[in-house]
Amino acid sequence: MGISDQGDPVSAIREDEATETIATIFADIRETLNVEVVNLVWRHLATMPGALEWVWGTLKPLYKGPAIVKAVLVHQNLNLPRVPRLSRDVLTAAGLDDAALASIFAILDSYQHTNALALVCFSALLARLQGSARRPDVSSAPQRNEVGPIRRVALPRLAPIAEMPPATARLVHELNGFGEDSDFALVASMYRHLSYWPTYLALIRTLLVPLHESGELMSLVAEARILGWEYGRDLASDVPPPPQEVEPVLAAVRRFVRHPIARMTGVCSLVRRATMDESESQPVRG
């Protein structure tokens, strides 16, 4: 089974090269999450013997029910900084037609959906194995659904950074550093997916630079980590004990949760809101 050669920042199994058990689990992840792409954390776990089978088997029941409400709460309780709107005129002037916008919103919706769920579920796993489980507060329920079912849409191929024009690759790396405190090697897949539209990445950069320089993005990421941990602890008692020595697996999970998952839970929400219309209910579409 091949290790990814598509430019992933860590060893990972490509979806199109997965075989047997790994391919079956990847298909189950796509079906359960109603998405077309298996996120990097799962593809990385697939390189560790038995890790993908154990972690997905452990967390799938949370993904199918209890974590959905907690993911909604994460989004509702994130204090997103205010950013200017990317109006339809701005997007059109940037050369983004209806087809481009449809693809961009499919990418944003997919990551919006999966990031908060992953943040909660992986935090539950860590809390359970660190003995930090607690009884959930059943009185806290979401008032509106911000992480509801998404329409399953095919996403473009995950672009290897080595294949990007140099300026786009540098832009992806710069964006990846916004809100990050120490682990810059894990490049968020969302930026790689959006790299087909460098003008949109440039607009995102314009939005995020002031927030990064002021420290507001760092605060947003820290808040996402705290919310993921708090809501994950509520679900930790539902996580069964591990069947084996799992510290290498947990080390990988901790890295992803603390860095790209927590970071992009906040950043994707921020970018998605910036590209919404003034009612904040619908993205600016054609």
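Computed from heavy atoms alone, side chains included, the values below leave out hydrogens, waters and symmetry copies. Keep in mind that this is a model prediction, so the values were computed, not measured.
Between the side chain of His75 and the backbone N or O of Ser269 there is no donor-acceptor pair closer than 3.5 Å. For the pair Ser110 (side chain) and Ile107 (backbone), a donor-acceptor distance under 3.5 Å is absent. Thr206 places a side-chain N or O within donor-acceptor distance of the main-chain N or O of Ala202, the cut-off being under 3.5 Å.
Salt bridge annotation for Glu163-Arg192: absent, with no cationic side-chain nitrogen under 4.0 angstrom from a carboxylate oxygen. Residues Asp109 and Arg272 are paired through a salt bridge, judged by an N-O separation under 4.0 Å between the basic side chain and the carboxylate. Ion pair Arg263/Asp181 not flagged as a salt bridge, since none of the NZ, NE, NH1 or NH2 atoms sits closer than 4.0 Å to an Asp/Glu carboxylate oxygen.
Using cut-offs of 30° and 60° for the angle between ring planes, the Trp56 and Trp42 rings count as perpendicular.
In this structure, Arg233 and Ala127 approach most closely via the heavy-atom pair CG-CB, 3.8 Å. Of all heavy-atom pairs spanning Asn115 and Cys268, the tightest one is ND2-CB, 4.3 Å.
Glu223 meets the salt bridge (Lys or Arg N to Asp or Glu O under 4.0 Å) test with no other residue; sequence neighbours excluded. Residues passing the salt bridge (Lys or Arg N to Asp or Glu O under 4.0 Å) test with Asp28 are Lys60, sequence neighbours excluded.
The distance from the OG atom of Ser189 to the CG atom of Leu158 is 5.0 Å, given to the nearest 0.5 Å. Taken from CG in Leu207 to CG in Leu270, the straight-line distance is 7.5 Å, to the nearest 0.5 Å. For the atom pair OH of Tyr191 and OG1 of Thr168, the computed distance is 14.5 Å after rounding to the nearest 0.5 Å.
Under the 4.5 Å side-chain heavy-atom criterion for Ile, Leu, Val, Met, Phe, Trp and Tyr, Val221 and Met190 are members of distinct hydrophobic clusters.
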